[in-house]
Amino acid sequence: MTDIEKMCGHCEPPYTEGENCILLGYAPVATMQDYRREVSAYTRGFGRMSVSLRGYEPCHNAEEVVAASGYDPEADPLNSPDSVFCSHGSGIIVPWYQVKEQMHVASPLAQKFFSDTQPGPAPRRPAKSFEEQWLGTDEIDEILEKTYHANRGKRPASGKGVRRLSRSGAVEPVQRSFRREEPKEEYLLVDGYNIIFAWDDLNELAKENMDAARGKLLDELCNYQGMHGMHLMVVFDAYRVTGHQTEILDYHNICVVYTKEAETADQYIEKFAHENAKNYRVTVATSDGLEQIIIRGEGCRLLSARDLKEEMEQGRQMLRLQYTEKGAPRGSGEFRNAVESAVSAAKEENGKTNT
């Protein structure tokens, strides 16, 4: 507790959990350099220190830092400290040292700044949840509407309420022609590792062997592509591989992409959607909430990891049903003869009485 006070920090009274004594607090990063080693040294390895970013607050030695930087705000034309006031319909520049004198409304930023920076206990970080994050299309559309169409006026819900005046002054309904959208080629982009970690069976397999999980995912997507017939691309991150260039491979009937160095699968998918959304019908399979918003903004269709798995399972069930309906009935002689011949061949090969 004394060390934290010396580091210009703040801490709560310690409390115990079992055999451990826990102390919560916060201090500037600049004063905590290498403090973890000191804790480990004077506790002989029994003490543990964990840190996380609390946020940005006023510097404890602001004058010293400003003096050391030698920064002159009045000599910086791109970041001027002066303000622009509106007077009689025109803008006037007010020097920074005269702003308070000419202000007629108190700044709400000052109140918010001081309320957010009051000393207090360090907040505990919530436990991480590995549950799939999925934003519905209605929620995404609402976000985009507020973001990109906030300044637009209200529009009628449909063309039925639109009227116009004729030359004679009579109100006539507006006639609108319907134009059917031309069919486009379909592309399905799958965020490979996002799907692997979202599916329980692939996630468990990935803990033992990531190559096996990738192979199983690709095989299932090959079957899915065969059922629907779209262009299917699976994108995997390779941004940590030094010097790696974008690699595009053919895997049976699908395309596999490994991104280049310093490029994530999200970036590749977003770039593809931005460049091709107008010419093709693009669908993206991912459960990344931020990526869903970006993809939805490009006008693309979304599939969560859960929905993709459900569509695959429904496709397999339909294939079984079609095979059962089109194939020979289970009680027919042809089906029975085929089964008996297969059993006899297995007995002869294995030399067993029971098969």
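Between the side chain of N209 and the main chain of A212, a donor-acceptor pair closer than 3.5 Å is present. The backbone N or O of T31 lies less than 3.5 Å from no partner atom in the side chain of K6, so there is not a single donor-acceptor pair. Remark: side-chain polar atoms of D250 are not paired, donor with acceptor, to backbone N or O of C255 under 3.5 angstrom. The backbone N or O of Q98 sits nowhere less than 3.5 Å from a side-chain atom of E101 that would complete a donor-acceptor pair.
A donor atom on one side chain and an acceptor atom on the other are not found under 3.5 Å apart for Y268 and E263.
A parallel orientation is assigned to the rings of H231 and Y187, their planes being inclined by less than 30° (bins at 30° and 60°). Below 30°, between 30° and 60°, or above 60°: for F236 and Y258 the angle between ring planes is below 30°, a parallel geometry.
Between I93 and P95, the shortest heavy-atom distance links the atoms O-CD, 3.9 Å. Between N194 and S287 the shortest heavy-atom distance is OD1-N, 3.0 Å. Across all their heavy atoms, I254 and L218 have their closest contact at CD1-O, 3.8 Å.
Between Y251 and the choices L232, D219, L221, the side-chain contact (heavy atoms from CB on, under 4.5 Å) rule is met once, by D219.
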Could you walk me through whether R36 and V51 pass the side chain to side chain contact (heavy atoms under 4.5 Å, CB included) check? CA-CA 9 Å; R36 188 193 303 268; V51 295; 3.7 Å; yes
